[in-house]
Amino acid sequence: MPVPTPSRQAPAAVLCAVAGWVPPRVVTNDELAQRLDTDDTWIRTRTGIRRRHVAGPGQATSDLAVEAGRLALHSAGLAPAGSPTVGKSPVDTVIVTTTTPDRPCPATAPAVAARLGLDRVAAFDVGAVCTGFVYGLATAAGLIAAGVAQRVLLIGADTYSTIVDPLDRANAIIFGDGAGAVVLRGGHPDEPGAVGHFDLGSDGTHEDLIMVAAGGSRRRSAGAGAGAGAGAGAGAGTEAGVGPELARAERYFAMRGNEVYRHALTRMAASARATLTAAGWKTDDVDHFVPHQANLRILHSVADDLGLPRERCVANVDAVGNTGAASIPLALADAAAQRVVRPGDRLLLTAFGGGLTWGSCLLTWPELSPPPHPYAPLVPHGTGEDSPS
Ligand code: UT7
């Protein structure tokens, strides 16, 4: 569904900083192959992934979000790196978008805001799985256009390593942990950095394609109020799975990869096209396509479908894997750090994820202080076996 752009009088959300952070521990394909029935060649050719970063023991999503948020505030000139903000809060709203919150309740954003020293700001989470960052951008843009917020810190952060079954070779190879953050301020819709047009959509009839089945109100975690509340209406305590013995598959993240793959291709291309049409942009107007980093084959296929040269596709999935809601801001931080995106360049961001959900957004890159590189860069790709088929 194309989203109408706010009227000329309404302030636009303008990007004024970007940053990314990944946990230091690197897991290579070879390391995964030591415990799973897989190998480096299969992973590289089917996904383009060569390594991913994984949270350490006890490291939660908020820990990653705080690091990325602090770096973004610093890049925006709003706070010293490494120390909490002091005095008047430099942003009035913190949005965290994640599929792996620290806990089911409360939201992760208030704790992140508090740890950044952002006193009494509005803080809440947005959940749209891997589309979360684009939904979060639209939410921030709406708050700024409505005059509810003036400066927003938006963080996409995920620790899929905490929900993926380590023995599930199809999913364990894809996902990595990370966080990316942007700061948005009110500004003029025509100035560089202004976000929009948007396209957002969903199709909940396919909710089963990407799912953690247990742990919510439909199917509770082991011992979480078994037999009470929602279960009472259907016969308290009688619903299968409300007790402590949940099947392994229900406790972990599950994805029907093949079907998701097909949806990703069509939905991302359609969303990208809808956004370009709404803005009156031609494909050739796009200098950089920044898709959700799901799988390099998906990114290249969508670029091909749109008629965009693959060189215009920003891709860092080789180094970080699929980092969920963090993937687009991490890719932006990576590209900004390497000066791949330059002031005046026109960007198309397109995401797809569980729900199903999808979304796209356009922006012209502003003058920004480049963030530190979020991770040690990989050596450049070779040809041949490094290239996914
Ligand atoms: O971020 C949200 C959106 N997510 C996505 O967009 C992800 C979309 N899906 C994908 O990226 C791909 O479907 C996967 C990477 C998950 C899987 O790649 P695929 O090329 O679609 O493989 P497949 O599921 O069709 O499986 C092909 C074969 C199967 O074996 P058989 O049945 O042909 O004997 C799998 O069991 O590959 C096997 N396989 C593996 N083999 C070695 C599955 N995972 C692995 C593995 N190593 N890690």
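All ligand and atom numbering here is 1-based and tracks the order in the structure.
- The CZ atom of Arg297 lies 3.5 Å from the OH atom of Tyr261; values are rounded to the nearest 0.5 Å.
- His197 and Thr275 are not linked by any side-chain donor-acceptor pair at a separation below 3.5 angstrom, with hydrogens and angles left out of the test.
- Remark: minimum distance from atom 29 (C) of ligand 1 to any protein heavy atom is reached at Arg169 NH2, 4.7 Å.
- Distances below 4.0 Å separate heavy atoms of Ile174 from the following atoms of ligand 1: 15 (C), 16 (C).
- Each of the atoms 3 (C), 4 (N), 5 (C), 6 (O), 8 (C) of ligand 1 lies under 4.0 Å from some heavy atom of Val260.
- Residue pairs meeting the ring-ring contact (aromatic ring centres under 6.0 Å, His included) criterion with at least one partner in residues 146-184, sequence neighbours excluded, are Tyr160-Phe175, Tyr160-Phe253, Phe175-Phe253.
- Environment of CZ in Arg256: crowded, with over 12 heavy atoms of neighbouring residues, nucleotides or ligands closer than 6.0 Å.
- For atom 28 (C) of ligand 1, the closest heavy atom belonging to the protein is Trp42 CZ2, 4.5 Å.
- For atom 44 (N) of ligand 1, a protein heavy-atom neighbour is present inside the 4.0 Å cut-off.
- Closest heavy-atom approach to atom 22 (O) of ligand 1 among the candidates His263, Arg46, His292: Arg46.
- Among the atoms of Thr38, some N or O lies under 3.5 angstrom from an N or O of ligand 1.
- Of the N or O atoms in Ile210, none lie within a sub-3.5 Å distance of an N or O in ligand 1.
- Note that the CG atom of Leu78 and the CG atom of Leu153 stand 9.5 Å from one another [nearest 0.5 Å].
- The protein heavy atom nearest to atom 11 (O) of ligand 1 is Asn295 ND2, 2.8 Å.
- Near Asp37, meaning under 4.0 Å from any of its heavy atoms, are these atoms of ligand 1: 42 (C), 47 (N).
- Between Asp177 and Arg25, no side-chain nitrogen of the basic residue sits less than 4.0 Å from a carboxylate oxygen of the acidic one, so the salt-bridge criterion is not met.
- Listed by number with element, the atoms of ligand 1 under 4.0 angstrom from any heavy atom of Ala294 are 5 (C), 6 (O).
- Nearest protein heavy-atom neighbour of atom 2 (C) of ligand 1: Cys130 SG, 3.6 Å.
- For atom 15 (C) of ligand 1, a protein heavy-atom neighbour is found at a distance under 4.0 Å.
- The closest protein non-hydrogen atom to atom 7 (C) of ligand 1 is Met255 CE, 3.7 Å.
- Within a 4.0 Å radius of atom 39 (N) of ligand 1, the protein contributes at least one heavy atom.
- Close contacts of ligand 1 with Arg297, meaning ligand atoms under 4.0 Å from a residue heavy atom, involve 20 (O).
- Ring to ring, Tyr375 and His373 are close: their centroids are under 6.0 angstrom apart.
- Which parts of ligand 1 touch Gly257 is read off a 4.0 Å heavy-atom cut-off, strictly below it: atoms 8 (C), 9 (N), 13 (O).
- Leu299 and Val129 fall within a single hydrophobic cluster, where Ile, Leu, Val, Met, Phe, Trp and Tyr are joined by side-chain heavy atoms under 4.5 Å apart, directly or via other members.
- Of the protein's non-hydrogen atoms, Asn258 ND2, 3.5 Å is the one closest to atom 24 (O) of ligand 1.
- A donor-acceptor contact under 3.5 angstrom links the side chains of Asp334 and Gln338, judged on distance only.
- Using a 4.0 Å threshold on non-hydrogen atoms, atom 33 (O) of ligand 1 does not count as touching the protein.
- Judged by distance alone, the side chains of Ser62 and Thr108 never bring a donor and an acceptor atom under 3.5 Å apart.
- Thr350 and Ser271 share no side-chain donor-acceptor pair at under 3.5 Å.
- Atoms of ligand 1 found under 4.0 Å from any heavy atom of Ile298 (numbered from 1 in listed order, with element): 6 (O), 8 (C).
- For Thr97, the side chain to side chain contact (heavy atoms under 4.5 Å, CB included) test picks out Val126, Leu154, Ala325, with sequence neighbours left out.
- Below 4.0 Å from some heavy atom of Thr47 lie the following atoms of ligand 1, by number and element: 15 (C).
- The side-chain contact (heavy atoms from CB on, under 4.5 Å) test with Val183 singles out one residue from Pro90, Ser75, Cys16, and that residue is Cys16.
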